[in-house]
Student: 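Got a structure here, written out as structure tokens. Questions coming.
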Amino acid sequence: EVGWLLQAVVVSSYRRIVTSSHGIIDRITMNARGQLHSSIHSSIHSSTHSSIHSSTHRARVAQPSPGCSGKYAPAPTPSCARPLTSAPRRIAPEMALHAIGGVVCSPRRGGAAGSRARARARAASARAELAFDPSKRSTLLCSSLTASTKKGMLEEAREAKDAGADVVELRLDFLEDFEPSRDLAEMIKGFELPCIVTYRPSWEGGQYQGEDAPRLAALKLAMEVGAAYVDVEFLIAPVFMAAIRAEVERGTEYKTKIIVSSHDYTATASDGDLRKLVEAIRAVGADIVKFATTGQDISDGNRVLSIVKEASASGPVIGLCMGEKGQATRILAPKYGGYLTFGALSPERQSAPGQPTIDQLKNLYRLDTQSADTKVLGIVGNPVSHSKSPAIHNGALGKSGLNDYVYIPLLVDDFDRFVRSLPDEDWVGLSVTIPHKAAALAAAAEADEVASSIAAANTLVQLGNGKGFKAYNTDWLAAITSIEHAMTEADMTSGDSGEGEGEGTSPLAGKTVVVLGAGGAGRALAFGAASRGASVIVANRTAAKAVELAEQLRPKGRGVSLDDLCSGKVGGDVLVNTTSVGMQPNDDESPVPEHVTAAFKVVFDAVYTPLQTKLLRDAERAGAVVVTGEKMFVGQAAEQYRLFTQQEPDTELMTDIVLGRTII
């Protein structure tokens with residue numbers, strides 16, 4: 001009768017907590033809730049006086065959801081999203097201690113057993129305190145250990161330390177064979193860095209599919225043997241926190257900090273709901289708040305940064321937006337007050353989507369030099385992961401000693417929405433690439449004469465004081481200059497018509513330049529070639545867009561379809577590709593067939609990844625002068641750097657980075 005009564009009280013109390021924990025929609029299925037209730041039921045019902053030292057818990061690997069890597073497969077699609085409307089209620093400590101202790105420890109831990117537990121906790125204090133060294137920078141760099149064996153995790157921990165991590169996360173749910181009493185103390189003491197112990201269940205996107213009582217008991221044991229942190233899921237945190245309070249009331253001392261976390265693998269909640277979530281997690285008793293969302297749009301990540309900045313004023317917060325569209329939340333954690341950010345040991349060992357590597361965070365994005373005063377620069381595009389802009393700009397910034405800047409990739413779908421979502425005016429400069437150059441000009445408050453004439457911008461510079469951005473175009477001059485330089489070296493300084501001769505005249509004067517593409521870069525190069533005296537033909541898949549652009553040139557050009565070019569109806573002297581065809585990973589493609597390329601004397605490709613595109617390889621075989629994209633890329637980037645910083649960049653270093661001679 002006592003057991004039945006205890007069961008009823010704990011389950012009833014826990015249900016009230018699940019349905020009334022202050023203000024956030026936590027996307028957990030009814031099935032997951034039932035699993036939690038079942039765990040508590042079984043923990044009370046079965047062998048309440050068993051010891052953890054005779055208990056074995058093995059994580060059962062969850063089956064990945066369709067379309068998602070098994071490494072971070074989310075919980076099942078929610079069947080309901082229940083708003084939580086009031087402050088969390090407290091479970092009686094004794095009841096909670098029974099709930100997670102029934103399977104794993106004696107509910108009345110007195111005498112020698114209790115003394116040993118308290119001694120272990122006190123002996124572990126020094127290790128736990130390592131994580132809170134005030135001499136460290138404000139944001140810690142953590143790497144998740146995801147090996148399937150204890151030996152593998154120890155090796156990964158050493159690798160993380162050598163790479164420069166401050167903390168490691170011990171993901172117990174990745175272990176194929178795990179016994180808490182046998183393995184936990186050895187692993188925690190074997191790490192040379194403080195560790196976060198996480199035992200993530202499948203209903204929160206982890207690998208563990210067992211009952212929650214032994215899982216929580218393992219986290220409690222981790223605290224006793226000296227883990228610097230444990231990570232407990234928000235949905236079940238009230239039970240765990242109540243059990244820990246029971247131990248503290250009995251005299252046990254813990255130095256371990258408790259991270260209470262919430263993960264949304266589908267979307268990012270509204271700002272109001274995120275604020276309520278942070279409040280609810282704090283109210284549960286968390287030492288450190290952690291929330292992770294999924295970025296459906298880059299504006300989601302920008303909103304998370306704003307929430308982290310706001311919430312960090314009241315206590316430690318880890319706020320991350322998963323996926324490439326939320327990557328800025330990982331890179332800019334130090335600037336916006338994030339307590340911790342995660343870096344993978346290698347790209348294939350991400351513990352969550354969108355996670356940069358430790359090497360990238362430390363060396364490319366210079367995590368150690370960031371502060372609240374850091375100025376943010378970035379490359380805006382879609383796609384953008386291939387871009388070498390972060391490498392060349394951060395490399396040049398580091399060489400110049402401009403440590404108060406960082407340059408990041410920004411995957412953007414809707415340019416206007418992205419600009420409206422920027423957290424503050426510390427985002428001082430943006431490089432803009434395909435397909436947003438026209439949108440960038442439209443979003444700017446001001447524009448220089450060249451950008452206005454071309455009707456496309458590849459550079460935005462923050463004016464400050466709420467005035468917005470000023471637009472520039474640095475594409476055309478860099479590209480045209482590189483083409484002219486190549487023509488001069490090949491002694492092509494006079495046109496067939498006799499025009500273009502004479503000192504100071506462009507070698508393009510009198511030539512026919514065929515521009516592939518009518519987008520932002522196409523507009524820039526068409527206007528640039530026309531300004532140098534060339535006759536310009538614009539070829540585009542949609543002929544109407546080509547005609548529209550050609551009509552705007554001075555002198556007017558001619559617009560044709562790509563089919564007209566490929567069929568031989570039109571030709572010229574210089575072929576300029578401004579499309580993304582041939583860019584990695586599609587580097588076996590060319591915007592035109594080989595026989596078309598062979599008809600030109602000079603071929604330029606704005607694509608620079610790879611450097612030798614199929615278009616250029618075809619042209620070289622035909623004997624044409626080829627101009628690679630890195631010349632335009634470095635030239636336009638150098639001018640952007642001057643606009644962003646008012647300083648001169650090291651263009652030789654930039655070129656070396658693009659060509660792979662220097663690695664950042």
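Numbers here simply count residues along the sequence, with the first being 1. Since we're looking at a predicted model, the values are computed, not measured.
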Student: Are the side chain of Arg282 and the backbone N or O of Ile288 linked by a donor-acceptor pair below 3.5 Å?
Tutor: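 Side chain of Arg282 to backbone of Ile288: no pair is present.
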
Student: Looking only at heavy atoms, what is the nearest atom pair of Trp427 and Asn302, with distance?
Tutor: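 Reported closest heavy-atom pair: CH2-OD1, 3.9 Å.
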
Student: Given side chain to side chain donor-acceptor pair (under 3.5 Å), test Glu348 with Ser346 step by step and report yes or no.
Tutor: CA-CA 6 Å; Glu348 64 275 8; Ser346 60; 3.1 Å; yes

Student: Output yes when a side-chain donor or acceptor of Asp287 lies under 3.5 Å from a complementary backbone atom of Lys257, and no otherwise.
Tutor: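 Checking the backbone N and O of Lys257 against the side chain of Asp287, no donor-acceptor pair under 3.5 Å is found.
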
Student: Using modelled atom types and a 3.5 Å cut-off, is there a donor and acceptor pairing between side-chain atoms of Asn394 and backbone atoms of Leu364?
Tutor: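 Pair found, side chain donor or acceptor close to backbone of Leu364.
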
Student: Counting only N and O atoms by type, is there a donor-acceptor contact under 3.5 Å from the side chain of Thr198 to the main-chain atoms of Arg200?
Tutor: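 No, Thr198 side chain to Arg200 backbone: no donor-acceptor pair under 3.5 Å.
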
Student: Can you tell me how far apart CG (Leu145) and CD1 (Ile196) are? Round to the nearest 0.5 Å.
Tutor: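 Going from the CG atom of Leu145 to the CD1 atom of Ile196 covers 10.0 Å.
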
Student: Are any side-chain N or O atoms of Gln327 and backbone N or O atoms of Glu324, one a donor and one an acceptor, separated by less than 3.5 Å?
Tutor: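 No, Gln327 side chain to Glu324 backbone: no donor-acceptor pair under 3.5 Å.
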
Student: Do the numbers put Lys309 on top of the ring of Tyr336, so that NZ or CZ is under 6.0 Å from the six-membered ring centre and no more than 45° off the axis?
Tutor: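 Ring-cation test returns no.
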
Student: Within the 4.5 Å heavy-atom criterion, are Leu345 and Ile358 side-chain neighbours or not?
Tutor: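 Answer yes - side chains close enough.
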
Student: Looking at Tyr405, is its backbone amide N or carbonyl O close enough to the side chain of Arg366 to form a donor-acceptor pair, meaning the two atoms are under 3.5 Å apart?
Tutor: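 Confirmed, Arg366 side chain pairs with Tyr405 backbone.
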
Student: Would you kindly say whether Ser421 and Ser299 are connected by a side-chain donor-acceptor distance under 3.5 Å?
Tutor: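 Distance-only check fails for Ser421 and Ser299.
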
Student: Can you list the steps and then say if Lys150 with Glu155 is a salt bridge (Lys or Arg N to Asp or Glu O under 4.0 Å)?
Tutor: CA-CA 9 Å; Lys150 181 171 66 174; Glu155 290 172 352; over 6 Å; no

Student: Atom OG of Ser385 and atom CD1 of Ile379: how far apart are they, to the nearest 0.5 Å?
Tutor: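 If we round to the nearest 0.5 Å, Ser385:OG and Ile379:CD1 are 11.5 Å apart.
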
Student: For Leu175 and Ala147, which heavy atoms make the closest approach, and how far apart are they?
Tutor: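 Answer, listing the atom of Leu175 first, then Ala147: CD2-O, 4.1 Å.
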
Student: Shortest non-hydrogen contact from Val248 to Tyr254?
Tutor: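 What the structure gives for the nearest pair is CG2-CD1, 4.0 Å.
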
Student: Any non-hydrogen side-chain atom of Gln584 less than 4.5 Å from a side-chain atom of Pro610?
Tutor: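 Yes, close enough: below the 4.5 Å cut-off.
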
Student: Quick one: which of Phe240, Phe174, Tyr208 gives a ring pair (Phe, Tyr, Trp, His ring centres under 6.0 Å) with Tyr199?
Tutor: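 Going through the options one by one, the only one that passes is Tyr208.
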
Student: Counting N and O atoms only, with roles assigned by atom type, does the side chain of Ser143 sit under 3.5 Å from a partner on the main chain of Gly343, one being a donor and the other an acceptor?
Tutor: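 Checking the backbone N and O of Gly343 against the side chain of Ser143, a donor-acceptor pair under 3.5 Å is found.
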
Student: As a quick check of understanding, evaluate salt bridge (Lys or Arg N to Asp or Glu O under 4.0 Å) for Asp373 and Lys335, giving each step before the final call.
Tutor: CA-CA 7 Å; Asp373 298 325; Lys335 173 172 176 55; over 6 Å; no

Student: Going through the checks in order, is the salt bridge (Lys or Arg N to Asp or Glu O under 4.0 Å) test met by Asp173 and Arg215?
Tutor: CA-CA 9 Å; Asp173 51 305; Arg215 183 178 66 82; over 6 Å; no

Student: Would you give the length of the straight line joining atom OG1 of Thr252 to atom NZ of Lys220, rounded to the nearest 0.5 angstrom?
Tutor: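 Interatomic distance, Thr252 OG1 to Lys220 NZ, rounded to 0.5 Å: 7.5 Å.
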
Student: I'd like to check Gln355 versus Arg349 (side-chain heavy atoms, cut-off strictly below 4.5 Å). Are they in contact?
Tutor: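 No, their side chains stay 4.5 Å or more apart.
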
Student: Are the side chains of Leu172 and Val197 in contact, using a 4.5 Å heavy-atom criterion?
Tutor: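 Yes, side chains in contact.
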
Student: If you compare all heavy atoms of Ser389 against all heavy atoms of Ser387, which two are closest, and at what distance to 0.1 Å?
Tutor: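 It is N-OG, 3.0 Å.
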
Student: What distance do Thr341 atom OG1 and Asp166 atom CG have between them, rounded to the nearest 0.5 Å?
Tutor: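 Reported value, rounded in 0.5 Å steps: 11.0 Å.
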
Student: Which value, rounded to the nearest 0.5 Å, describes the distance between Ser261 atom OG and Glu233 atom CD?
Tutor: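 Ser261 OG to Glu233 CD: 5.0 Å, rounded to 0.5 Å.
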
Student: Looking only at heavy atoms, what is the nearest atom pair of Thr609 and Lys388, with distance?
Tutor: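 Heavy atoms only, the tightest pair is CG2-CE, 3.8 Å.
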
Student: Test your reading of the model: is there a side-chain donor-acceptor pair from Thr293 to the backbone of Asp264, 3.5 Å cut-off?
Tutor: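 Not confirmed, Thr293 side chain does not pair with Asp264 backbone.
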
Student: Out of curiosity, Phe291 CZ to Leu274 CG, how far, rounded to the nearest 0.5 Å?
Tutor: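 Reported value, rounded in 0.5 Å steps: 5.5 Å.
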
Student: Within the structure provided, determine whether Asp650 and Ser400 are in side-chain contact (heavy-atom separation under 4.5 Å).
Tutor: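 A side-chain contact is absent here, since even the closest heavy-atom pair is not under 4.5 Å.
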
Student: For Glu204 and Val232, indicate whether the former's side chain and the latter's backbone hold a donor-acceptor pair under 3.5 Å.
Tutor: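 A pair under 3.5 Å: no.
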
